[in-house]
Each structure stands twice: as C-alpha cells, then as structure tokens.
Amino acid sequence: MSEVARLSAQEQGSRAMSISERAARVSRPTPSYLESLNPEQRRAVEAIDGPVLVLAGAGTGKTRVLTTRIAHILSLGKARPSQILAVTFTNKAAREMKERVAAVIGGQSEGMPWLGTFHAIGTRILRRHAEMVNLSPDFTILDTDDQIRLAKQVLQAENIDEKRWPARQMLGMIDAWKNRGLTPEEVPKSEGDYFANGKGVGLYKLYRDRLKALNAADFGDLLLEPIRLFRANPDILADYQSRFRYMLVDEYQDTNVAQYLWLRLLAQGNRNLCVVGDDDQSIYGWRGAEVDNILRFETDFPGATVVRLERNYRSTSHILAAASHLIAHNEGRLGKELFTDFTDPDEVPVTVASSWDSEEEARAINEEVESLQKKGASLDEMAILVRTTAQMRAFEDRFVTTGTPYRVIGGPRFYERKEIRDALAYFRCVTQPAYDLAFERIINVPARGIGQVSVRLVSEAARAEGIPMIAAATDLLSTDEVKGKARTGLAGLVASLERWRSQLDTMSHTELAEIVLEESGYTDMLKADRSADAPGRLENLKELIRSMEEFDSLPAFLEHVSLVTDAQGEAGGEAVTLMTLHAAKGLEFDVVFLPGWEEGLFPSVRALDENGQAGLEEERRLAYVGLTRARKLAFVWFALNRRIHGMWQSSAPSRFVDELPEGHVMVREEAGYGGIGSYGRSRFDEVETFSSSYHTPGWARAQRRREDVPRHRRHVPTTIDGELVAKTVTEKPSAYAVGDRVFHQKFGNGDVAQVEGNKLTVDFDKAGRKRVIDGFVTRV
DNA sequence: ATTGGTTATGTTTTT
DNA sequence: CATAACCAAT
C-alpha cells in the first residue's frame with residue numbers, strides 16, 4: 001500500500017491498522033496466496049484501506065485480484081465475510097467469484113451474503129426496509145413482459161394512442177430516467193415533453209403509482225429505490241456504511257449513474273472502496289453505463305491508490321498486438337497497453353477470411369472447427385462470438401446438419417419462453433393472489449371462454465373497489481353480471497386457484513406445480529397442440545419442475561427466477577460455444593471465431609446512427625473484447641452477402657478488419673472450402689444488386705419513424721442535484737502539435753504536418769506523408 | 001368467443 | 001424472416 005494512500009485514509013478518519021495489527025504484520029510470513037501474484041496485482045490486493053482504482057486490461061488477472069483481495073481481508077481479520085460488500089454486474093460473474101473465493105478461503109463463501117449483482121443486493125436491501133419505500137417485504141419483481149402489460153394499461157387509461165406512442169418506448173424513457181437515479185419529481189422539466197404531447201413525466205408518475213399499488217418493482221427500481229431509501233433515512237444509510245467495512249466492485253466501467261450514486265452513498269462512510277474495471281471494455285453505454293464513472297474515480301475519491309494491470313497472461317502476442325492496434329483507434333481512453341512476456345514459438349497471427357454469404361461462413365467455420373478437433377483441440381475450448389443473436393441461426397442450422405455439438409449461451413432465455421412464463425404466472429397467482437398481472441396473463445390460457453369483454457369487466461371492478469382482480473372476480477360471480485361460458489370458466493378458475501392455495505402447506509411445491517399445470521388444462525392444451533414446437537414446450541415445463549427441486553418452496557423459487565435471467569450452461573458433453581460478444585465478456589477460449597465483421601452489422605448501423613462517434617467507439621470496444629477472449633487462435637470472418645429481413649444484401653467488410661495491424665494478421669486467400677463454383681453464386685443471379693446496404697422496406701420504415709422522435713437524453717449532460725455527475729466523452733485534444741518531431745515504429749522519424757483529434761498527418765523522412773494514430777508515435 | 005388467415009412491423013447488445 | 005396485431009368468418 002502506498003504511504004500516501006494510508007495517510008489519506010487516516011486523515012479521513014477511516015479505519016486504519018491498529019498498532020498491534022501493524023506490529024504483527026511484520027513477522028507474519030507472506031501468505032501463499034500472495035506469492036503467486038505479480039507485483040502490480042499484489043499492490044492491488046494489499047492496498048486494503050482507502051479508495052483503490054484498479055485499471056485491469058483484458059486477461060490481466062482481474063478476477064484473481066478481486067478474489068485474492070477478499071481472501072486477504074478475511075485472513076488479516078480486518079472484516080468478517082458478512083462485512084464485505086462485493087458487487088458484480090452479472091449473475092455469471094457473481095457465481096464465479098463465489099466459487100473462486102470459496103476455493104481460496106475454503107468453503108465459507110456461503111457466509112458472504114453481500115456478494116452478488118447490483119440488482120440482487122438492491123433487492124435484499126429493499127426487502128428489509130420495504131415499508132420505507134411504500135412496498136411490502138414480499139413485493140414482486142416484474143419481468144419485461146409484465147412491464148409492457150402495465151405500461152399498456154397506463155397508456156390506455158390515459159387515452160394515448162399506442163400506435164403512435166408504443167409502450168416499449170415509454171418504458172425505454174422511464175428506464176433511462178431510473179438508470180440516472182431520477183424519480184418523476186426529479187426529472188428535469190421538459191425532458192419528457194416529446195412523449196405523447198408532453199405527458200412523459202406524468203406517465204412515469206402514473207406507472208410508478210401503479211407499481212406501488214401492485215406491490216411490485218421493476219429492474220430499475222431495484223437500483224433507484226435503495227438510493228431513495230438511503231437519502232431519506234440517514235440512520236439506515238449509516239447502518240450500512242458501518243456494516244460494509246470493505247467494498248469491491250467488478251466491471252466498474254459498466255456502472256450507470258444510479259449504481260454510481262448507490263456506491264457513493266455507501267462509500268462515504270469508511271471510503272474502503274475498491275473498484276476494478278477497464279475503460280476499453282465498456283460495452284453497455286446503450287444501457288446507461290457511464291464510462292465517465294471510472295474516469296472520475298480519482299476526483300471523487302482523492303488520494304485513491306491507482307493500480308494498472310497491463311501484463312496479460314491469456315493471449316499470444318499476435319492476438320494482443322491485433323487487439324491493441326484496433327483499440328488504439330478510439331479517442332476516449334485512459335490509455336493502457338497490454339503486453340506479455342511470454343512468446344510461444346508456434347504462435348500464429350490472427351486469421352482473416354471471407355465467405356460468399358452467411359451460410360457459407362457458417363459452413364467454413366464449422367469445417368475449421370472440425371479440422372481443429374481432428375488435431376486434438378477440445379470443442380469446449382472453441383467459441384463463436386457474434387454481434388447479434390440473429391447471426392446464431394446460420395450456425396445452429398449448420399451444426400445440426402453436421403452433427404457438431406454446440407451450446408448456445410444467452411440465446412432465447414429459458415425463463416422468457418411463453419410456456420414457462422405462463423406456468424410461472426399460475427404459480428404466482430397461487431402464492432400471491434394480489435398479483436394482477438399474472439392473473440391477467442393466465443385468465444384465459446388455456447381458452448376457457450373468458451374474452452376481452454369479461455376481462456375488462458373484472459379489471460374495472462377491481463379498480464373501482466381497489467381490490468385485487470381475483471377478489472373482484474369472486475365478487476362478480478356472486479352477481480349476475482357475468483353470464484354463459486365466461487361465468488363457468490371464471491368460476492372454475494377462481495375455485496381452482498383457491499384449492500391450489502389450500503394445498504400449499506400440505507404438499508411439496510413440485511408436486512403442487514405439476515397439479516396446477518395438469519388441472520388448469522395447460523398440459524392438455526399443449527398435448528392437443530399439433531404444431532412442431534409443442535412437444536418441446538412440454539419438455540421445457542418438465543425441465544422447469546425439475547429445476548424447482550433445488551428450492552425449498554414456491555416463493556423461494558419465484559424469487560430466484562425473477563433475478564436470474566440466464567439459463568446457466570446446460571450440462572451436456574463437449575460442445576462449441578455460441579454466444580453474443582456481450583455475453584462473452586469475462587470469458588476466455590483457446591480458439592475464438594468472430595464472424596460477421598461487416599459494415600452495418602458490426603459496427604452496427606444502429607449504434608452509429610444513434611450515437612455517432614461514441615457509438616462507433618463502443619462497437620470498437622466490443623471488437624476488442626471479442627479478440628481478447630482468445631488465448632491461442634482468433635479468426636476474423638466476414639461474408640460478402642447476408643440476408644437481412646429476409647432479403648439478400650451485399651455487404652462491405654467492416655472497417656475494423658482494416659484496422660488490424662498488417663504484421664499480426666494472416667489473410668486466408670485461397671478460395672478453398674468448396675467455394676463459389678459449386679455452391680452459391682447461381683442463387684444470386686436473379687437478385688438485384690444494391691448500391692448500398694440498407695434499402696429494405698423495413699429499414700426505410702424505421703428511418704421514417706425515427707424522424708419525428710426527438711433524440712432525448714443524447715445531448716443532456718447528466719446531473720444530479722445540479723451537480724455534474726458524468727459528461728459525455730468529449731474530443732480530447734491531441735498531445736501533439738503541428739511541427740512536432742516524432743518517431744514511429746514502422747515509418748521512422750518525421751514532422752507533424754496536421755492534427756485532427758488523435759489522428760496525425762506526419763511527413764516522414766523516409767516513408768513520406770502518412771496518417772497515423774498519435775498513440776503510435778513518440779516525441780523525439 | 002374462437003378460429004384461422006392476413007397483413008403490418010420490427011431487429012443489438014441485458015440486469 | 002418471424003412474430004405480433006388485426007380482421008373476418010364461425
């Protein structure tokens with residue numbers, strides 16, 4: 001730990017080492033877990049007190065530092081497991097950290113109740129203090145479907161045309177506010193004006209009121225409400241501040257303003273906050289992440305210890321060089337350069353290849369997979385990382401026909417499948433009779449003669465009386481207002497729900513779940529369904545029941561489901577992994593395939609269109625993340641033609657392909673792989689040629705629509721309490737000026753002739769005039 | 001009220 | 001292309 005950091009920690013009145021602790025430390029032998037760390041990692045681990053910022057490049061042992069740090073704190077006796085707050089971004093990361101901490105300290109990580117995602121920890125805090133934020137402790141967490149349902153109801157109640165102002169868009173707007181930690185009252189005036197003729201903020205308020213009335217929270221609330229709680233109740237905040245002696249945050253570059261505020265409130269106590277992140281891997285800007293949080297850290301926490309981890313243990317030098325060169329094209333960076341001491345004599349440059357179309361791309365990659373497998377590589381060590389989920393289909397088709405085992409991560413999510421949510425809705429109706437959204441979902445599934453008219457009748461009665469819909473339905477049945485089929489159906493459903501509820505205590509939850517699905521007629525409905533996917537759906541339901549066995553009760557299971565959205569790696573044997581680039585962050589493989597490097601797809605036109613330069617840079621970071629997943633081999637691939645919205649389009653190679661460094665790339669030039677002659681081209685003979693991509697009707701429609709939607713939030717500086725919290729990355733002036741004498745690795749010495757951002761035009765003595773990135777020259 | 005068929009509409013990434 | 005929304009017929 002640096003002297004400065006320790007002094008400043010003491011000055012701030014935070015918990016410093018006692019005399020005895022300091023004396024004891026001297027004679028204690030270096031614990032074995034520290035010995036395997038390099039000096040920088042060790043510095044990051046040992047700087048325990050006071051604020052610490054760890055800038056950790058890809059593959060530099062970031063998770064290792066975090067877990068070792070926890071182990072170190074525990075073994076020094078500085079805190080008990082329950083006094084450490086460790087926050088991650090994804091469930092996957094939380095799971096991994098739990099396992100790794102357990103491995104280091106030996107199985108007691110169960111005792112770390114505060115290790116989890118922001119959302120999980122937020123939920124935990126909220127349940128404890130639910131009354132303080134107008135909820136009851138058993139509040140429900142809404143999924144996206146329910147949110148949309150609710151938003152639609154609000155829009156309908158306000159007589160707003162859902163065509164013109166879709167519920168999705170309204171939710172997007174509200175979510176953006178929540179991500180910035182803003183309640184309706186705090187939203188800057190006029191910000192929601194563009195929506196439904198100035199009703200934006202009002203709708204937020206109504207939506208929020210409805211949530212409270214339903215005793216429900218959406219994902220945004222899990223961050224926003226704890227902030228509100230802490231601000232309104234200094235005593236509660238103080239309690240948590242002293243509880244959490246040490247705080248660690250993973251993937252800090254992905255935090256949004258709400259998360260930042262949440263952390264800042266907690267860290268104002270003892271300031272023992274350690275954040276780990278990599279600005280080059282910030283890929284969630286579209287979701288409200290603020291890279292500026294990481295750039296601001298030293299300002300927020302003066303005297304912070306800053307550690308840079310740049311020694312890479314993962315990839316070959318070719319892969320590192322390719323990734324570094326690519327990312328150097330970004331301007332808004334803190335600037336890190338990965339390096340490795342280790343050079344494998346057999347290492348191979350990054351391969352760049354192209355295919356005629358997306359199907360052939362899948363075919364060629366599949367062949368590559370097979371040939372590597374023949375040479376002894378394991379399928380588990382290969383991954384195909386795509387930009388969009390739509391790209392997965394071609395690979396799946398191919399793998400199925402060739403019988404290559406594969407596993408999809410993060411595709412269509414298990415808990416988001418229709419049959420699963422229907423089943424869950426039934427279960428929720430049993431455990432939480434007041435959860436109207438679930439009731440509405442299943443009221444007529446399977447069809448029991450309750451149409452729109454009857455549903456409206458029930459919901460209006462419920463609204464008028466201020467009671468849950470199930471109760472309102474019971475009341476209505478005692479009158480003559482519902483007749484015929486609807487009456488029989490509704491009466492049957494209400495009676496069944498009642499009966500199941502009474503069985504809650506007398507039978508196991510899995511048994512009850514089966515009974516519910518059986519007696520409701522849901523399984524019968526699927527059995528009668530002759531469509532191709534019906535058997536699969538039944539299978540999914542069985543899988544659902546099976547997964548419930550791990551939990552003690554129905555409510556416990558439902559709680560788990562609402563927070564865990566990823567179907568974790570289905571067991572199975574060896575298989576190639578297929579996933580999005582976003583899902584790949586934090587993982588590594590021996591062999592990585594990066595298909596679809598085409599303009600428009602990657603970088604995505606949408607990112608460019610909506611966020612311009614910042615969007616492009618985020619896409620480039622995504623490419624960087626993709627490359628740095630590879631340990632030994634990386635294949636960059638692009639197709640010359642791709643089907644978009646069902647129409648074949650010709651596509652241009654991604655600009656990222658040409659941003660790779662010549663010396664570390666091997667272009668595959670043979671037209672091998674069965675190729676064009678036998679297969680392909682003829683199919684395109686009748687296809688018209690496109691002067692540029694993106695002329696589909698769908699695209700044209702999308703463009704038209706975009707025009708009348710003001711680009712909110714784009715140019716709005718982020719402020720909280722009038723204080724600037726985060727600014728958008730502005731163009732950083734180059735460190736060089738015209739006339740400077742510079743040296744370039746490849747071109748030698750020269751004079752700067754022109755400066756544009758970070759791009760320099762240099763007149764080199766030998767090589768002549770070249771455009772270069774300023775990161776690649778040094779002042780002479 | 002349900003059905004089957006048409007047509008409009010949309011696609012990045014995820015807690 | 002794939003799904004949601006919509007409409008006419010039962």
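Each chain gets a letter, A, B and so on, in the order the sequences are listed, and its residues count up from 1. The shown structure was predicted, so the numbers you read here are calculated from the model rather than taken from an experiment.
Heavy atoms of A:Phe602 sit nowhere under 4.0 angstrom from any nucleic acid atom. Within the 4.0 angstrom heavy-atom criterion, only backbone atoms of the sugar-phosphate kind lie near A:Phe89; the bases stay farther away.
A:Thr389 has a side-chain polar atom (N or O) that falls below the 4.0 Å cut-off from OP1 or OP2 of B:dT13. Side-chain nitrogen and oxygen atoms of A:Lys152 include at least one within less than 4.0 Å of the OP1 or OP2 phosphate oxygen of C:dA5. Between C:dA2 and A:Arg393, a contact under 4.0 Å exists linking OP1 or OP2 to a side-chain N or O. Taking 4.0 angstrom as the limit, A:Asn256 places none of its side-chain polar atoms (N or O) nearer than this to OP1 or OP2 of B:dT15. Dashed line: the shortest gap from a side-chain N or O of A:Thr580 to OP1 or OP2 of B:dT14 is under 4.0 Å. Look at A:Ser454 and you'll find a side-chain N or O under 4.0 angstrom from OP1 or OP2 of B:dA1.
The distance from atom CD of A:Glu617 to atom P of B:dT13 is 22 Å, rounded to the nearest whole Å. If you take CD of A:Glu619 and C1' of B:dT13, they are 9 Å apart, rounded to a whole angstrom. Remark: C1' of B:dT15 and OH of A:Tyr284 are 9 Å apart, rounded to the nearest angstrom. If you take CZ of A:Arg643 and C1' of B:dT11, they are 16 Å apart, rounded to a whole angstrom. Spacing between atom CD of A:Gln259 and atom C1' of B:dT14 amounts to 12 Å, rounded to whole angstrom units. For the pair A:Leu142 CG and B:dT15 C1', the computed distance is 14 Å after rounding to whole Å. For A:Glu251 and B:dT14, the CD to C1' distance is 14 Å, given to the nearest whole Å. As rounded to whole Å, 11 Å separates atom C1' of B:dT15 from atom CD of A:Gln147.
When each of A:Leu223 and A:Arg168 is assigned the nucleotide of DNA chain B with its nearest heavy atom, A:Arg168 is the one assigned upstream, toward the 5' end. Between A:Ile450 and A:His582, the one whose closest nucleotide on DNA chain B sits nearer the 5' end is A:Ile450.
Interface remark: the A:Arg287 side chain does not form any donor-acceptor pair with the B:dT13 base, using a distance-only criterion of under 3.5 Å.
Atom C1' of B:dT13 sits at a distance of 22 Å from the matching atom of C:dA4, rounded to the whole Å.
A donor-acceptor contact shorter than 3.5 Å links the side chain of A:Arg127 to the backbone of A:Phe139.
The 12-atom threshold is not exceeded at CZ of A:Arg393, counting heavy atoms of other residues, nucleotides or ligands nearer than 6.0 Å.
A:Tyr406 and A:Glu396 form a side-chain donor-acceptor contact under 3.5 Å, judged by distance and modelled atom types alone. Between the side chains of A:Glu361 and A:Gln391, no donor-acceptor pair is found at a separation under 3.5 Å.
Across A:Leu66, A:Val87, A:Asp254, a single residue satisfies side chain to side chain contact (heavy atoms under 4.5 Å, CB included) together with A:Val249, and that is A:Val87.
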